[in-house]
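Step one of this worksheet: look at the structure below.
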Amino acid sequence: QVKLVESGGGLVQAGGSLRLSCAASELTVSIYAMAWVRQAPGKPSENVASINWRGDKTYYADSVKGRFTISRDTDKNTVYLQMNSLNAEDTAVYYCAADQFGSGTSNEARYEYWGQGTQVTVSS
């Protein structure tokens, strides 16, 4: 059974950094587009970063461009989200999602597998 397990969330002060990890099992990240989608209370979900299945194209939401970086380690079958210069607006549950042979689109409906999420809280 496919499983995506996020980790690395927590409480951080504004201006700080966190690195989220998404470990995949029964799914090979090298043939999947991977995305990080966040959900904050009372706000629509937002695809903040994604990477295509080839690993050579990335997408970032304007709200995180220049601060967040998505990457993957195919040997560890894990995807990462490095988050720098965090602010209170980044507070959300962050989900990892996978789309086989995907382009890394920002369209969340394309992603067929999802993790359970990890909470990120930024204190101001």
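Nothing here was measured: the structure is a model prediction, and the numbers come from that model.
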| request: Could you check Trp36 against Leu20 for side chain to side chain contact (heavy atoms under 4.5 Å, CB included), going step by step and ending with a plain yes or no? | output: CA-CA 9 Å; Trp36 287 96; Leu20 305 184; 3.6 Å; yes

| said: Tell me whether Tyr113 shares a hydrophobic cluster with Val29, the cluster being built from Ile, Leu, Val, Met, Phe, Trp, Tyr side chains joined at under 4.5 Å. | reply: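 The answer is yes; both residues are in one hydrophobic cluster.
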
| message | Do Val79 and Tyr59 land in one hydrophobic cluster if side-chain heavy atoms of ILVMFWY residues count as linked below 4.5 Å? | response | no

| Would you say the side chains of Tyr94 and Arg38 form a donor-acceptor pair under 3.5 Å? | yes

| field | Pair Glu6-Ser21, side-chain donor/acceptor within less than 3.5 Å | value | no

| task | Keeping to residues at least two apart or across chains, list the disulfide (SG to SG under 2.5 Å) pairs with something in residues 66-108. | result | Cys22-Cys96

Where [X] and [Y] come nearest, the two heavy atoms and their spacing:
| X | Y | value |
| --- | --- | --- |
| Thr105 | Ser50 | O-OG, 3.8 Å |
| Ser17 | Gln82 | CB-NE2, 4.0 Å |
| Ala35 | Asn47 | CB-ND2, 3.8 Å |
| Glu46 | Ser63 | OE2-OG, 2.8 Å |
| Ala33 | Ser103 | CB-N, 4.2 Å |
| Leu4 | Ala24 | CD2-CB, 3.6 Å |

| message | Does anything in residues 68-77 form a side-chain hydrogen bond (donor to acceptor under 3.5 Å, both in side chains)? List the pairs, not counting sequence neighbours. | response | none

| message | Quick check for you: to the nearest 0.5 Å, what is the distance between Gln13 atom CD and Thr121 atom OG1? | response | 13.0 Å

| task | Would you give the length of the straight line joining atom NZ of Lys65 to atom OG1 of Thr58, rounded to the nearest 0.5 angstrom? | result | 9.5 Å

If you define the side chain from C-beta out and look only at heavy atoms, does anything of [X] sit under 4.5 Å from [Y]?
| X | Y | result |
| --- | --- | --- |
| Tyr80 | Ile70 | no |
| Ser123 | Leu11 | yes |
| Met83 | Val120 | yes |
| Phe68 | Asn84 | no |

| query | In the hydrophobic cluster built from side-chain contacts under 4.5 Å, what are the other members alongside Trp114? | reply |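 Trp114 shares its hydrophobic cluster with Val37, Val93, Tyr95, Tyr111.
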
| said: More than 12 heavy atoms of other residues, nucleotides or ligands under 6.0 Å from CZ of Arg67: yes or no? | reply: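 Yes, CZ of Arg67 has more than 12 neighbouring heavy atoms, counting only those of other groups under 6.0 Å.
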
| In terms of heavy-atom contacts, does CD of Gln119 have more than 12 from other residues, nucleotides or ligands at under 6.0 Å? |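 Correct, the count exceeds 12.
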
| query | Would Trp53 and Phe101 count as a side chain to side chain contact (heavy atoms under 4.5 Å, CB included) if you check the C-alpha gap in whole Å, the side-chain angles of each, and the deciding distance to 0.1 Å? | reply | CA-CA 5 Å; Trp53 76 271; Phe101 296 116; 3.7 Å; yes

| Do the side chain of Glu112 and the main chain of Gln100 share a donor and acceptor less than 3.5 angstrom apart? | yes

| Short question: side chain of Thr118, backbone of Gly9 - any donor-acceptor pair under 3.5 Å? |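 Checked: pair present.
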
